[in-house]
Amino acid sequence: MVSSAQPWWQAATIYHIYPRSFADSDGDGIGDLRGIADRLDYLVDLGIDCVWISPIYPSPMADFGYDVADYTGIDPRFGTLADFDALLARAHGRGIRVLLDFVPNHSSDRHDWFVESRSSRDNPKRDWYIWRDPAPDGGPPNNWISDFGGPAWSFDSVTGQYYSRAFLPEQPDLNWRNPAVRSAMLDAMRFWFDRGVDGFRIDVQWHMVKHADFPDNPPNPDYRAGMGDMHRVLQLHSTDQPEVHAIATAMRQQADAYGAVLVGEIYLPIPKLMTYYGTADAPGVHLPFNFQLIEANWNAAELAARIVEYEAALPAGGWPNWVLGNHDRPRIATRVGQAQARVAAMLLLTLRGTPTLYQGDELGLTDAQVPADKVQDPRELREPGLGLGRDPVRTPLPWTAEGGFTTGDPWLPIDPAHLSRNARAQADDPASMLSLYRRLLALRRATPALATGAIGDIRADGDVLTYVRGDGAGRYRIALNLGDRPARVEPGRIILSTHADPGSAILRPAEGHILRPAEGHILKVD
Ligand code: NOJ
Ligand code: MG
């Protein structure tokens with residue numbers, strides 16, 4: 001039911017900006033805040049309500065901003081605090097809210113806190129990070145593995161101890177068991193709330209607290225060569241510790257005081273994911289990111305099962321959310337192909353809950369070919385050739401047939417194959433992916449049943465996935481053909497098709513209501 005007390009973020013659609021690759025205003029080849037401000041019209045025309053901007057804080061860029069050297073500043077490559085305030089004001093003026101990316105698990109090794117912490121064993125900031133003695137053989141304190149491969153520990157010869165780092169050596173893990181860390185980080189969040197930020201995506205929230213005794217992780221019985229080194233063990237003791245929830249509650253209280261939203265990045269199975277909503281007395285984040293559509297195989301039965309399982313597992317009052325892709329995972333158009341990517345767009349924007357759309361997916365971009373000598377991503381450089389690198393989903397947006405991203409030399413090359421999918425050309429083409437996204441977003445905005453109404457009757461019938469949105473008079477059935485053959489579905493009045501020519505071939509009363517291959521319909525149920 002739609003109630004007037006509904007928080008803004010429940011009906012909102014979030015657009016994820018990877019700022020290095022969105023739009024460059026100053027010709028240095030790196031996207032920036034003014035670039036975003038200059039392109040707000042594009043986002044308004046697209047019809048999204050909110051942007052989440054990947055990290056823009058001062059950073060040595062060892063992990064392209066996910067190594068933060070100052071939680072309350074702006075990296076000069078992205079602009080200044082004044083540029084940020086101007087962007088925020090302009091976005092708000094256009095009705096677009098702004099989420100930043102908060103990176104609590106680790107800072108940069110160049111952060112003043114870590115510089116102090118590593119300087120001596122008795123430095124007051126020593127315990128702001130996680131220091132342990134070497135194992136008896138001089139090796140790392142336990143068998144924990146970095147998500148980017150190799151030990152999750154780095155030895156520091158200055159003080160003869162190891163520090164914990166779940167990602168790069170340049171990303172030392174903060175010690176959230178230390179109350180001083182907690183209050184400094186909550187202060188950093190408040191700094192941005194006071195400037196008017198509408199919320200945060202929280203980086204690797206489930207990593208934030210580690211087991212107090214640092215036991216070895218158990219081996220992963222399903223590990224196979226090529227999966228990535230991190231999968232050798234199960235991250236039983238290095239992630240998802242119960243103490244993480246009280247921290248989330250403290251963040252939530254602060255966010256609620258500002259009417260802001262928190263979206264937690266959590267890659268865990270559904271039952272574990274649900275614990276990040278917290279409880280009525282101790283609420284967690286508003287939206288624990290739901291990666292079901294990123295992890296699913298693209299068939300109707302599996303999708304139906306995952307949607308049913310996720311919906312059924314939601315705690316009372318827990319609001320759902322859905323996402324098809326992000327800056328870490330292969331793009332949807334590469335995973336399922338261009339035709340099914342249109343079906344995926346309809347799925348994302350007709351499920352119950354807050355959708356997040358990754359920049360470029362609205363253009364149907366595929367994973368870019370990045371020449372070997374242009375590789376930037378530390379993930380790829382550390383474990384090359386396994387397909388784990390993230391550069392292919394981080395190349396600059398093609399704005400025009402010439403590129404239009406920068407007047408300079410882009411930090412990652414635009415894939416020439418992306419140029420024909422440029423935003424300008426697609427804006428003028430009613431059959432384009434961009435036009436489909438615009439139609440879907442406009443319909444969702446105009447139709448409360450689709451944005452926030454109930455969902456039910458979730459079914460797979462052969463290759464067709466169907467579900468019903470809304471109740472009472474405002475009911476819609478969504479029918480999505482995930483196969484490559486025509487499929488017959490229950491008849492209805494077509495409100496929107498994934499195909500650009502909804503009138504032509506659809507209603508053949510003798511045969512029933514036919515979906516063409518890779519076609520989706522939103523149908524009004526009378
Ligand atoms: C998750 C982010 O999405 C990813 O890009 C980053 O490398 C890691 N967290 C470490 O911060
Ligand atoms: Mg720039």
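Quick note: residue numbers are just sequence positions, from 1. Counting convention: from 1, in listed order, for ligands and their atoms alike.
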Ranked by distance from atom 6 (C) of ligand 1, the top protein heavy atom is Asp63 OD2, 3.3 Å
Distance alone, cut at 3.5 Å: any donor-acceptor contact between the side chains of [X] and [Y]?
| X | Y | value |
| --- | --- | --- |
| Asp222 | His231 | no |
| Trp298 | Gln340 | yes |
| Thr354 | Trp9 | no |
| Asn217 | Asn143 | no |

What verdict does the side chain to side chain donor-acceptor pair (under 3.5 Å) test give for Asn105 and Lys210, after you've listed the backbone C-alpha separation in whole Å, the side-chain angles of each residue and the deciding distance to 0.1 Å? CA-CA 10 Å; Asn105 176 70; Lys210 286 98 184 127; 2.6 Å; yes
Would Arg201 count as a contact of ligand 1 if the rule is a heavy atom under 4.0 Å away? yes
Is there a heavy atom of His207 sitting under 4.0 angstrom from any atom of ligand 1? no
Ring centre gap for [X] and [Y] strictly below 6.0 Å:
| X | Y | value |
| --- | --- | --- |
| Trp144 | Tyr162 | no |
| Tyr71 | His111 | yes |
| Tyr276 | His245 | yes |

With the threshold set at 4.0 Å, does a side-chain nitrogen-carboxylate oxygen contact exist between Arg331 and Asp367? no
Between Arg390 and Asp377 (salt bridge meaning N to carboxylate O under 4.0 Å), is one present in this structure? yes
Atoms of ligand 1, numbered as shown, that sit under 4.0 Å from any heavy atom of [X]:
| X | value |
| --- | --- |
| Arg394 | 5 (O) |
| Phe148 | 7 (O) |
| Arg390 | 4 (C), 5 (O), 6 (C), 7 (O) |
| Val204 | 1 (C), 9 (N) |
| His106 | 10 (C), 11 (O) |

Enumerate the protein N/O/S atoms at a distance below 2.8 Å from the Mg ion (ligand 2), ignoring waters. Asp24 OD1, Asp26 OD1, Asp28 OD1, Ile30 O, Asp32 OD2
Contact partition for Gln205 relative to ligand 1, non-hydrogen atoms under 4.0 Å: neither
Region of His327 engaging ligand 1 - heavy atom pairs below 4.0 Å: side chain
Criterion side chain to side chain contact (heavy atoms under 4.5 Å, CB included) against Asn326, the qualifying member of Thr356, Ile294, Leu357: Ile294
Tell me which one of Asn326, Asn105, Asp203, Asp328 gets a heavy atom nearest to atom 9 (N) of ligand 1. Asp203
